[in-house]
Structure formats: C-alpha cells, structure tokens
Chemist: 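There's a structure below that I have some questions on.
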Amino acid sequence: MEKKRWDCTALPKGWKMEEVTRKSGLSAGKSDVYYFSPSGKKFRSKPQLARYLGNQMDLSSFDFRTGKMLMSKLNKNRQRLRYDNNNQNKGKPDLNTSLPVRQTASIFKQPVTKVTNHPNNKVKTDPQKAVDQPRQLFWEKKLSGLNAYDIAEELVKTMELPKGLQGVGPGCTDKTLLSAIASALHTSAAPITGQLSAAVEKNPGVWLNTAQPLCKAFIVTDEDIRKQEELVYSVRKRLEEALMADMLAHVEEAASEGEALKEEGNGSEDMESV
C-alpha cells in the first residue's frame, strides 16, 4: 500500500489528511481517505469527524474525499441561511411530503352534523371519506424538472424504463412516468396494471384512473421476470465481491499497522537496552 499524508487546510490547524492506495488484490488502485487530529486520533468517515469537531466547525460543505470546501455548496448554504433569517418571522415552511391533493371545496352536497355538548348527541363519521382523499389530475407533472445530485454535485443517472411502458396524458415524459410508477408502488397496496380503459387515450381528463400510474396497460411476462432475476443475481454477486475485497483490504491494512507498531516497539526496547 502507498500512503501519502499532508496538511488539510480546510480543517483547523494541525489536522492531517492521509490517502492510502492499494497496490494489490481485487481492490488494486482503490484509495481510502483518513484524517488525523493534532493529537493523532484517526477518523474514517465524515460523520465521525463531525461528531468530534461538534460546534467548532460547520462541515456541511466539506468534501471528505478531497479535503476541500465545495464553494458552490457553501454559497448555497449561505444563501439559504440568509433567506431563513429574512423569513424567520413569516412562519414555518410546509414540510409535508405527502402527495398533492385537491384543496378546493366539493361541489356535491355533503351531510352536515351539528355537534353540541348534549350527552345524547351522536357524531356521524364517514370512514371512506377519511381514507380515500381526492387527488389532483396529473399531479406528477409538478415533479418535472427536478433532478438528483450526489455530494460532488454531479447529476445522478436516472433509471431507464422498459420499452413496454408508455405514458398517458398531456406532456407525459419518461421522468413523469417514473415518478408516477414509484409513487404508486409506495402508496398503494393494489397491483400496478396501468390504465385499462381504452378511452383514456382519447380523453385522459375524464377516463383516467387515479389509482393507477400514467401509463398504458402492460403485462409482465415470464421472460421479464427471468431477466430481472438474472440482473438481481448479477448485482448481488458484484456486491459480494466488493465487500470481500474491502474486508481483505482492511485486514491487510490492520496487519501492516500491527507490524509497524511491533517494529517501533522493538526499536524502543533496543534503545533502552543500549
């Protein structure tokens, strides 16, 4: 293994950054990054570093891999902090992550129950109304234009849907369809079949089934299931190999550190005997 250590200017004075590159094994060429405090304490991850520093330093814009502050993320944090300070008296933001629902009042006549403190008064409830809330048509289009980025602010590649899945509705794109299918899988226990009515293509605003995603009806064949099983097996195999290589690398690193400590101990004993 090849080790390189230098001062980390993004952290307080005295902190060191070490990069260890593996020269052999299945993980040859892979490098790990560690940080050392002025007292010599070793840190293997950003959460450990954040817990140790506490309120001494804000590491939200710190890139653990490069040891530098991401200026773009730092500027975003400053703008967000400035915006929060300017709007702290305007109330708390809406952090509700539930699916958007129609907020307008119903045009149909609803029964009214008068609630009083009389002991014989009975309050009527409609359990079906409490469970099935109305949804806004084509709400998935609100998610268009949103993308996911990793810690290095690089765009995360989205999933590729099978060719058999075709969207339904005005302006329906692959990203909109992906959002609709993901939402249906997470919020509904019913099977996903798509829009079974043929009239939905002519007038989706009238014949759209809101319980199903914005896609045409499709059938999952045995061949599709077999291909998916092969893909899952291949991914699990690669994950197993990566975990095994990482474990062997950590064992080799621990053994080399133990030998180095042993040699230092023998050297000190020789000096004492002299």
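Treat the numbers as computed from the prediction; the structure is a model and nothing was measured.
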Chemist: Specify the closest pair of heavy atoms between Gln195 and Gln212, including all atoms of both residues, with the distance to one decimal.
Modeler: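 Taking every non-hydrogen atom into account, NE2-O, 3.2 Å.
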Chemist: Think Lys216 forms a cation-pi with Phe218, using NZ or CZ under 6.0 Å from the six-ring centre and within 45 degrees of its axis?
Modeler: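 Lys216 over Phe218 ring: no.
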Chemist: Just by distance, do the side chain of Asp63 and the backbone of Arg65 share a donor-acceptor pair under 3.5 Å?
Modeler: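 Answer holds: yes.
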Chemist: Is the shortest heavy-atom distance from the side chain of Glu241 to the side chain of Met244 under 4.5 Å?
Modeler: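 No - every pair of side-chain heavy atoms lies 4.5 Å or more apart.
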Chemist: In the structure I gave you, are the side-chain heavy atoms of Leu11 and Leu49 within less than 4.5 Å of one another anywhere?
Modeler: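 Result yes, sub-4.5 Å side-chain heavy-atom pair found.
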Chemist: Which pair of heavy atoms, one from Arg44 and one from Lys42, lies closest together, and at what distance?
Modeler: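 Heavy atoms of Arg44 and Lys42 come nearest at NH2-NZ, 3.8 Å.
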Chemist: Would you confirm whether Ser234, through its side chain, and Glu230, through its main-chain N or O, come within 3.5 Å as a donor-acceptor pair?
Modeler: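 Flag not set: sc Ser234 to bb Glu230 has no pair under 3.5 Å.
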Chemist: What heavy-atom pair brings Ala10 and Met57 nearest, and what distance separates the two atoms?
Modeler: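 Smallest interatomic distance, heavy atoms only, reads O-CE, 2.6 Å.
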Chemist: Tell me, yes or no, whether the heavy-atom count around Arg226 atom CZ, taken from other residues, nucleotides or ligands under 6.0 Å, exceeds 12.
Modeler: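 More than 12 within 6.0 Å, yes.
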Chemist: Under 6.0 Å from the NZ atom of Lys227, do we count more than 12 heavy atoms belonging to anything else shown?
Modeler: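 12 or below, so no.
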Chemist: Got more than 12 heavy atoms from elsewhere within 6.0 Å of CG, Asp222?
Modeler: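 No, the 6.0 Å shell around CG holds no more than 12 heavy atoms from other groups.
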Chemist: Heavy atoms only: give me the nearest Ala182-His186 pair and the separation to one decimal.
Modeler: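 Between these two residues, the closest heavy atoms are O-CD2, 3.0 Å.
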Chemist: Are Leu196 and Val168 linked, directly or through other ILVMFWY residues, by side chains that come within less than 4.5 angstrom of each other?
Modeler: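 No: no chain of side-chain contacts under 4.5 Å links Leu196 to Val168.
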Chemist: Just do the ring-ring contact (aromatic ring centres under 6.0 Å, His included) check on Phe43 and Tyr52 with the steps written out, would you?
Modeler: CA-CA 9 Å; Phe43 298 90; Tyr52 182 81; 4.8 Å; yes
Chemist: Determine whether Lys16 and Trp6 make a side-chain contact, defined as any pair of heavy atoms from C-beta on separated by less than 4.5 Å.
Modeler: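 The answer is no, as the side chains (C-beta and beyond) never meet within the 4.5 Å cut-off.
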Chemist: How far does CG of Leu185 sit from CD1 of Ile192, to the nearest 0.5 angstrom?
Modeler: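 Interatomic distance, Leu185 CG to Ile192 CD1, rounded to 0.5 Å: 5.0 Å.
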Chemist: Just wondering, do Glu19 and Asp32 contact through their side chains at under 4.5 Å, heavy atoms?
Modeler: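 A side-chain contact is absent here, since even the closest heavy-atom pair is not under 4.5 Å.
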Chemist: Are Val33 and Met17 close enough that some pair of their side-chain heavy atoms sits under 4.5 Å apart?
Modeler: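 Yes, close enough: below the 4.5 Å cut-off.
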Chemist: State the NZ-CH2 distance between Lys41 and Trp15, to the nearest 0.5 angstrom.
Modeler: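 It is 9.0 Å, given to the nearest 0.5 Å.
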Chemist: Donor-acceptor check, side chain of Lys46 to backbone of Leu59, threshold 3.5 angstrom: yes or no?
Modeler: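 Yes, Lys46 side chain to Leu59 backbone: donor-acceptor pair under 3.5 Å.
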Chemist: Measure the CG-CG distance between Leu178 and Leu214 for me, rounded to the nearest 0.5 Å.
Modeler: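 With rounding to 0.5 Å, CG (Leu178) is 12.0 Å from CG (Leu214).
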Chemist: Would you name the heavy atoms of Leu165 and Leu177 that are closest together and state the gap between them?
Modeler: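 Closest approach of Leu165 to Leu177: O-CD2, 3.9 Å.
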Chemist: So, do Ser31 and Val20 sit near enough that their side-chain heavy atoms are less than 4.5 Å apart?
Modeler: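 Contact flag for Ser31/Val20 side chains = no.
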Chemist: Output the rest of the hydrophobic cluster of Leu239: all Ile, Leu, Val, Met, Phe, Trp and Tyr residues reachable through side-chain heavy-atom contacts under 4.5 Å, sorted by chain and number.
Modeler: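 Answer for Leu239: Leu243.
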Chemist: Is there a side-chain contact (heavy atoms from CB on, under 4.5 Å) between Phe36 and Glu18? Walk through the geometry before answering.
Modeler: CA-CA 8 Å; Phe36 293 87; Glu18 183 180 77; 3.6 Å; yes
Chemist: Sequence neighbours left out, what passes ring pair (Phe, Tyr, Trp, His ring centres under 6.0 Å) with Tyr35? Give chain and number order.
Modeler: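 Applying ring pair (Phe, Tyr, Trp, His ring centres under 6.0 Å) to Tyr35 gives Phe62, Phe64.
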